[in-house]
Each structure stands twice: as structure tokens, then as C-alpha cells.
Chemist: 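One structure is given below, represented as C-alpha cells, and several questions about it will come after.
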Amino acid sequence: MSGVGAAAPYLHHLSDSDSGQVCFLGAQLSPEVAAMPRLLGDLDRGTFRKLLKLVVSSLQGEDCREAVQLLGIDAHLSEERLGALLAGTYTLLQQALRLSPASLKPDAFKDQLQELCIPQDLVMDLTTVVFGSQRPLLDSVAKQQGAWLPRITDFRWRVDVAISTSTLARSLQPSVLMQLTLSDGSAHRFEVPTVKFQELRYSVALVLKEMADLEKRCEHRLQD
């Protein structure tokens, strides 16, 4: 069995695949987000922008309680309505920010907000937050507030065949060698027997199918 080098050039790269739009709202719409179209009905854009700014500040870890009270007084919003608007906007942004810009595209984000009957001008304001210049800071704060594991940044593989072993003169048993490179710079190399690789392939295919089913149910729920 031959070994794997630190960066063996003959290991194959897995190419990225586009699986279509990602539903950032999840399989079941949260009550806070579902109530937003009704609550936003007669809210002027200036007030929404002030509210959105407070939600972004809250996501960045700032204490906005006093500013929220002032907004309620200035905009003549009841405590109940203001609380529901803040909760809905916070939940919506939080769900969108869980996905990287590579997974959730701006057009998909806008389409799903429009299906929720969010006013067009407010859709643009929300899109600016999720995909604008503040995004790196929001991601940085989220990482600091939560426990994040390293991500896979590179995956390589190759197939080796053992011609013989210490007990068998003729073996010809294939195995898959894998190399994972993580976002913290570490690299992990390991050998996967054919049987285990088939189990992994089946499990991944099953998870992808379940994810696709969830996305379809989410799309149908939004259409209804």
C-alpha cells in the first residue's frame, strides 16, 4: 500500500454542484416570520429601516433596549406590535445568515421574501443587510458568540489496490484513500475499505434526498 503525501497532486478534487435554490426559512415557517406580512402592511419604510438597524445592532451583540423604547414612542407602535416586528425581523435575518452567500443567493432570498408577501422596498433593505458590506462583521460576531467547528475547505481522494498482504500472496483488494483539509489548516488522511465507502455513499445519498424533500415541502408551503 502506498502512502499519501502532504498534497498529492494525483488525488482528485470533487467539483461543486449547483443543487438549485436553498430555502433559508426551513421546512416549517416560524410564527414570528409568518406574522410579518400582516404587521408590515401599513408600516412606512423609514420606520422599518430604523427597526432593521436596531435588529442588526442586536445581532452584533449591542444592547438596544432603550433605543427600542424610543422607536416605539416615535413611531406610535404598540409594545405588542413592536415586539412582534422585532422578533420576526430578527428570526428572518438569523435564518438567512446561517447560510453562506455561496449557498443562499440574493435572487433566491428576494424570491422567498416576495412569496411571503413582504413589500418590495423592504425586501431590498433586508437583502442589503444579508448580502451587503455588514455581512463579514455579522458573521464574525456570530462565530465569536457560538462554538464553531472547523469547516472542510478541500477534499481529495484516490483508489489504491493492495496486490498482496502479509498473509495473502495475492489480494487485489481496493480501498479509497481520502484527505480532508479543514479551515483551521489541519489535514487528515485516512483509508476507507470498499464496504465502508459504499455505506458512506448510501448515507450521503439518503441525506441529500431528505434535504431535497424538505426543500420541496418548504416551497409548497410558501406557495400555499
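Every heavy atom of this structure was used, including side-chain atoms; hydrogens, water molecules and symmetry mates were not.
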Chemist: Tell me whether L86 shares a hydrophobic cluster with I73, the cluster being built from Ile, Leu, Val, Met, Phe, Trp, Tyr side chains joined at under 4.5 Å.
Modeler: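 Not linked; separate clusters.
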Chemist: Can any side-chain N or O of T181 pair as donor or acceptor with the backbone N or O of A187 at less than 3.5 Å?
Modeler: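 Side chain of T181 to backbone of A187, a donor-acceptor pair under 3.5 Å: no, none is there.
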Chemist: Using side-chain contact (heavy atoms from CB on, under 4.5 Å) as the criterion, point out the one residue from L113, V55, V130, L97 that pairs with L92.
Modeler: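 Only match with L92 under side-chain contact (heavy atoms from CB on, under 4.5 Å): L113.
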Chemist: Flag yes if F48 and L70 sit in one hydrophobic cluster, no otherwise; membership is Ile, Leu, Val, Met, Phe, Trp, Tyr, and two members link when side-chain heavy atoms are under 4.5 Å apart.
Modeler: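 In one cluster: no.
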Chemist: Run the salt bridge (Lys or Arg N to Asp or Glu O under 4.0 Å) test on D42 and R81 for me, step by step, so that the C-alpha distance in whole Å, both residues' side-chain angles and the decisive distance to 0.1 Å come before the verdict.
Modeler: CA-CA 12 Å; D42 59 347; R81 184 183 181 187; 2.7 Å; yes
Chemist: Going by atom types only, do Q95 and R98 share a side-chain donor-acceptor pair under 3.5 Å?
Modeler: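 Note: Q95 and R98 side chains miss the donor-acceptor criterion.
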Chemist: Considering residues, nucleotides and ligands other than L206, do more than 12 of their heavy atoms fall under 6.0 Å from its CG?
Modeler: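 For L206, atom CG is crowded (more than 12 foreign heavy atoms under 6.0 Å).
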Chemist: Between T128 and D125, do the side chains contain an N or O donor and an N or O acceptor separated by less than 3.5 Å?
Modeler: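 Judged by distance alone, the side chains do not pair up.
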Chemist: Look at atom OH of Y202 and say whether more than 12 heavy atoms of other residues, nucleotides or ligands are closer to it than 6.0 Å.
Modeler: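 Not more than 12 within 6.0 Å, no.
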Chemist: Would a distance-only check, ignoring hydrogens and angles, find a side-chain to backbone donor-acceptor pair under 3.5 Å from T47 to L43?
Modeler: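 Side chain of T47 to backbone of L43, a donor-acceptor pair under 3.5 Å: no, none is there.
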Chemist: When you measure from the side chain of S140 to the backbone of P136, do you find a donor-acceptor pair of N or O atoms at a distance under 3.5 Å?
Modeler: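 Answer holds: no.
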Chemist: I'd like to know if the side chain of Q60 and the backbone of L138 have a donor-acceptor N/O pair within less than 3.5 Å.
Modeler: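 Not confirmed, Q60 side chain does not pair with L138 backbone.
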Chemist: When you measure from the side chain of S186 to the backbone N and O of L182, does any donor-acceptor pair fall under 3.5 Å?
Modeler: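 Side chain of S186 to backbone of L182: no pair is present.
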Chemist: Might you work through the side chain to side chain contact (heavy atoms under 4.5 Å, CB included) test for F155 and Q179, ending with a clear yes or no?
Modeler: CA-CA 6 Å; F155 176 61; Q179 176 179 294; over 6 Å; no
Chemist: For the backbone of R65 and the side chain of D63, can you confirm whether one donor and one acceptor N or O come within less than 3.5 Å of each other?
Modeler: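 Pair found, side chain donor or acceptor close to backbone of R65.
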Chemist: Check the pair V159 / L177 against side chain to side chain contact (heavy atoms under 4.5 Å, CB included), numbers first and verdict last.
Modeler: CA-CA 6 Å; V159 176; L177 268 67; over 6 Å; no
Chemist: Keeping the roles fixed (side chain from S57, backbone from K53), state whether a donor-acceptor pair exists under 3.5 Å.
Modeler: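 Checking the backbone N and O of K53 against the side chain of S57, a donor-acceptor pair under 3.5 Å is found.
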Chemist: Is it the case that the side chain of R158 and the backbone of V176 share a donor-acceptor pair, with hydrogens and angles ignored and the cut-off at 3.5 Å?
Modeler: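 Side chain of R158 to backbone of V176: no pair is present.
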